[in-house]
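Encoded as structure tokens, the structure appears first; notes follow it.
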Amino acid sequence: MFIAVITGLAVGVYRMANVETSKSFFTNGSWTGSQSLPLGKDNLLTAQISTFALFALPSEEAIYLFARKDEQHEKLNGENDYAITGNINQIKANYWSITAYGKDLYLIPNEANRFSFNNSNMQTDSAGNFSITVSSKKQSGNWLPSPTDARFNLVLRIYKGERNFVEHLNEVPLPSIKRLAK
Amino acid sequence: MRNYFKSALFFAAIIFATQYLFIAFVPELIFAIAKHRSGKPLNTVIQAPRTDAKLRRVVLPNPDFVYNACFYDVSKNDLLITGLFSDSTQYSSLAFYGDNVQPYYVMNNLQGFKQKYSVRLSSVGRENGCIRTPTKQGVVLMRVLVTDSAQYEKAKQLQSVFKVRLLPQNN
């Protein structure tokens with residue numbers, strides 16, 4: 001009986017952690033997210049969102065996309081540097097941001113006190129193109145600090161996105177995450 | 001052989017039931033933990049400092065937002081919530097969550113709501129302007145977008161005028 005309960009708990013934790021294979025989530029490049037908030041009666045999705053995005057807003061208000069891997073499907077790791085590239089106008093929303101979190105899902109302490117970039121504070125060229133360097137070492141330009149040698153996550157938040165854009169989030173171009181050569 | 005089959009079936013049923021119940025009750029469990037970690041009594045305002053790496057109460061905090069929170073219990077009283085939204089396109093919102101941490105109502109300054117808001121939260125009320133909570137306990141979160149230091153000063157003002165007050169229930 002006891003072993004069955006422990007096994008049941010382990011199965012529950014495994015199912016909750018297995019976000020990327022959930023039918024409720026879509027994947028676009030490195031980004032995984034859901035357009036299903038509020039959650040209704042889907043217990044698994046509700047538990048996943050409660051655990052990994054506590055007090056998330058409904059999808060008419062905000063969409064949260066997670067990246068745990070780069071474009072080569074390798075897990076993001078502070079041992080490497082990454083370039084997040086895109087165009088500031090490709091995300092059609094009132095406000096959007098990219099934030100780095102440690103594997104514990106909290107902000108990563110760093111000397112610059114820099115945790116994110118958003119559509120009003122990142123440097124772009126005249127055409128709106130941007131490149132954010134994610135690195136544990138100080139960089140020029142848009143530098144998003146990562147942990148020294150641990151896995152980390154990126155979250156793309158899209159607030160008050162244009163309806164047509166949000167409805168096609170699974171296919172519209174989103175910022176790409178590429179590992180930089182050492 | 002039959003006993004072995006029965007035991008295996010019982011074992012599988014316990015596993016299935018446990019994982020099902022665990023997943024079903026995770027949101028309520030997380031709400032209880034968050035409420036406990038807030039360190040404040042119910043129906044009082046929690047004014048959070050600017051979000052940085054020291055904030056360890058809630059996972060995935062957004063560093064571009066300043067938050068106020070109020071864990072509520074409206075089983076015996078209604079709750080009057082008053083405050084101000086930003087007077088510009090600086091996003092600010094009021095989001096209401098039940099004790100399953102799911103949002104059931106959101107109002108923000110970009111939807112045409114007046115800058116000054118006054119909303120009554122109730123588990124029983126039905127009159128106009130009253131927000132009916134599906135659960136007697138929950139949390140209200142005020143968010144103010146802050147993208148520079150000038151906005152932060154304005155956000156602090158919005159934090160300070162956010163108030164909650166208990167009212168008698170009005171059936």
Side-chain angles (χ1 to χ4, degrees), chain A residues 1-16 37-40 43-58 60-62 64 66 94-95 97 99-102 104-110 113-121 145 153 155 157 159-160, chain B residues 7 10-31 33-34 50-65 67 69 89-91 93 95 97-98 100-108 110-111 139-141 143 145-148 151:
Chain A
M1 175 83 172
F2 178 73
I3 292 172
V5 169
I6 296 296
T7 307
L9 289 174
V11 170
V13 170
Y14 174 79
R15 288 186 68 204
M16 277 175 48
L37 287 166
L39 302 166
N43 283 349
L44 179 59
L45 180 62
T46 305
Q48 287 169 327
I49 297 290
S50 305
T51 306
F52 301 115
L54 182 60
F55 301 131
L57 287 162
E60 311 86 63
E61 202 75 8
Y64 307 83
F66 296 78
N94 178 270
Y95 153 82
S97 69
T99 311
Y101 295 94
D104 58 2
L105 303 181
Y106 292 110
L107 295 170
I108 300 162
N110 65 85
N113 249 12
R114 162 65 64 188
F115 311 106
S116 68
F117 281 97
N118 61 51
N119 55 331
S120 61
N121 68 6
N153 307 282
V155 173
R157 288 181 169 86
Y159 275 67
K160 301 308 287 180
Chain B
S7 298
F10 180 70
F11 191 79
I14 296 289
I15 290 174
F16 179 81
T18 306
Q19 63 88 27
Y20 180 85
L21 290 172
F22 174 72
I23 287 171
F25 285 103
V26 157
E28 280 82 0
L29 181 67
I30 287 176
F31 174 78
I33 293 169
R50 192 159 188 184
T51 307
D52 62 17
K54 292 183 197 126
L55 182 75
R56 314 290 284 184
R57 285 180 180 165
V58 178
V59 294
L60 300 176
N62 187 342
D64 291 340
F65 277 101
Y67 298 91
T89 55
Q90 176 188 8
Y91 175 91
S93 69
Y97 301 81
N100 58 355
V101 294
Q102 299 313 302
Y104 59 86
Y105 187 71
V106 182
M107 48 198 290
N108 70 53
L110 307 179
Q111 284 174 318
V139 64
V140 182
L141 275 188
R143 292 173 164 89
L145 179 62
V146 172
T147 53
D148 59 42
Q151 285 188 337

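Proximity to chain A (any heavy atom under 4.5 Å) is shown, for B:Y104, by neither the backbone nor the side chain. Within the 4.5 angstrom heavy-atom criterion, atoms from both the backbone and the side chain of A:D104 approach chain B. In this structure, the portion of B:F22 lying under 4.5 Å from any heavy atom of chain A is its side chain and not its backbone. In this structure, chain A has heavy atoms under 4.5 Å from both the backbone and the side chain of B:N62. Neither the backbone nor the side chain of B:L21 comes within contact range of chain A; no heavy atoms are under 4.5 Å apart. Both the backbone and the side chain of B:L60 come within less than 4.5 Å of a heavy atom in chain A. For a residue to count as touching a neighbouring chain, one of its non-hydrogen atoms must lie under 4.5 Å from one of that chain's; by this rule B:V106 touches chain A with the side chain only. For B:F16, no part lies under 4.5 angstrom from a heavy atom of chain A.
Considering OG of A:S50 and OH of B:Y97, their distance stands at 11.0 Å, rounded to 0.5 Å.
Ring planes of B:Y91 and A:Y159: perpendicular class, angle over 60° (limits at 30 and 60°).
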Do B:Q19 and A:T7 pass the side-chain hydrogen bond (donor to acceptor under 3.5 Å, both in side chains) test, and can you show the C-alpha distance, the side-chain angles, and the key distance before you say yes or no?
CA-CA 8 Å; B:Q19 63 88 27; A:T7 307; over 6 Å; no

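Note: B:D64 leads B:T147, B:L110, B:D64 in heavy-atom pairs under 4.5 Å with chain A. Per-residue counts of heavy-atom pairs under 4.5 Å with chain A were compared for B:L141, B:V26, B:I23; the largest is that of B:I23.
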